[in-house]
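Data block below; observations after.
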Amino acid sequence: MEQEKRASCRVKVLCRMKIYHDSFGEKEVNTRDVSDDGLFLLLDSEILPPMGTVIQGQLLGSAGPQALLNLEIVRCEETGAGFKVHKSAACLDLPDRFKKTEA
């Protein structure tokens, strides 16, 4: 039996996220589960750059713009990928492509 390596427990949560990296552009994906220090995104993991690469992600669906998070790829599976959230590196000054525009 494989020993659990996670420091915090996971919670099944379905939310939309926008992720961005120069290698694949911008994609909207769903979470499968989240924890205090990471999350699992449902996506075609073949589009992702190599393990250890940091991409940017932003939660969608709230009233105002959310912080842009730096997410390190730590695990790839057939159904998606696991990411470690770099909390100290969260970007609070969002690039224009992530800001909501007024209609």
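Just so you know, these numbers use all the heavy atoms, side chains as well, and skip hydrogens, waters and symmetry mates.
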Item to check | Flag side-chain contact, heavy atom, 4.5 Å: Leu41 against Ile19 | outcome: yes
Checklist entry - When hydrophobic residues are tied together by side-chain contacts of less than 4.5 Å, even through go-betweens, does Phe40 share a cluster with Ile73? => result no
Checklist entry - Any donor and acceptor pair, going by atom type alone, linking the side chain of Ser45 with main-chain N or O of Cys76 inside 3.5 Å? => result no
Item to check | Close side-chain approach of Cys15 and Leu60, heavy atoms under 4.5 Å | outcome: no
Checklist entry - How many angstroms lie between atom CZ of Phe24 and atom CG of Leu43, to the nearest 0.5 angstrom? => result 8.0 Å
Checklist outcome for this item: Met17 and Gly57 have their tightest heavy-atom pair at CE-C, 3.8 Å
Checklist entry - Does the side chain of His86 reach to within under 4.5 Å of the side chain of Leu71, using non-hydrogen atoms? => result no
Next on the checklist: If the condition is side chain to side chain donor-acceptor pair (under 3.5 Å), which residues does Glu28 pass it with, not counting sequence neighbours?
Outcome noted: Arg16
Checklist entry - So which heavy atom on Ala81 is nearest to which on Leu48, and how close? => result CB-CD1, 3.5 Å
Next on the checklist: For a side chain to side chain contact (heavy atoms under 4.5 Å, CB included) check, start with the C-alpha distance between Leu59 and Lys18, then their side-chain angles and the critical distance, and finish with the verdict.
Outcome noted: CA-CA 6 Å; Leu59 286 172; Lys18 187 182 292 188; over 6 Å; no
Checklist entry - Is the shortest heavy-atom distance from the side chain of Thr53 to the side chain of His21 under 4.5 Å? => result yes
Checklist entry - What distance do Ile47 atom CD1 and Ser23 atom OG have between them, rounded to the nearest 0.5 Å? => result 7.5 Å
Item to check | Derivation of the side chain to side chain contact (heavy atoms under 4.5 Å, CB included) call for Leu69 and Gln58 | outcome: CA-CA 6 Å; Leu69 301 172; Gln58 181 183 35; over 6 Å; no
Checklist entry - Does any non-hydrogen side-chain atom of Phe83 lie less than 4.5 Å from one of Val74? => result no
Next on the checklist: Please enumerate all residues that pass side chain to side chain contact (heavy atoms under 4.5 Å, CB included) together with Val34, with sequence neighbours excluded.
Outcome noted: Val13, Thr31, Leu39
Item to check | Arg10 versus Ser35, closest heavy-atom pair with distance | outcome: CA-CB, 4.2 Å
Next on the checklist: Just verifying a value: how many Å separate Asn30 CG and Leu14 CG, rounded to the nearest 0.5 Å?
Outcome noted: 5.0 Å
Next on the checklist: Could you check whether any side-chain heavy atom of Glu46 comes within less than 4.5 Å of a side-chain heavy atom of Glu78, counting everything from C-beta outward?
Outcome noted: no
Item to check | Note, Gln56 side chain near Asn70 side chain (heavy atom, < 4.5 Å) | outcome: yes
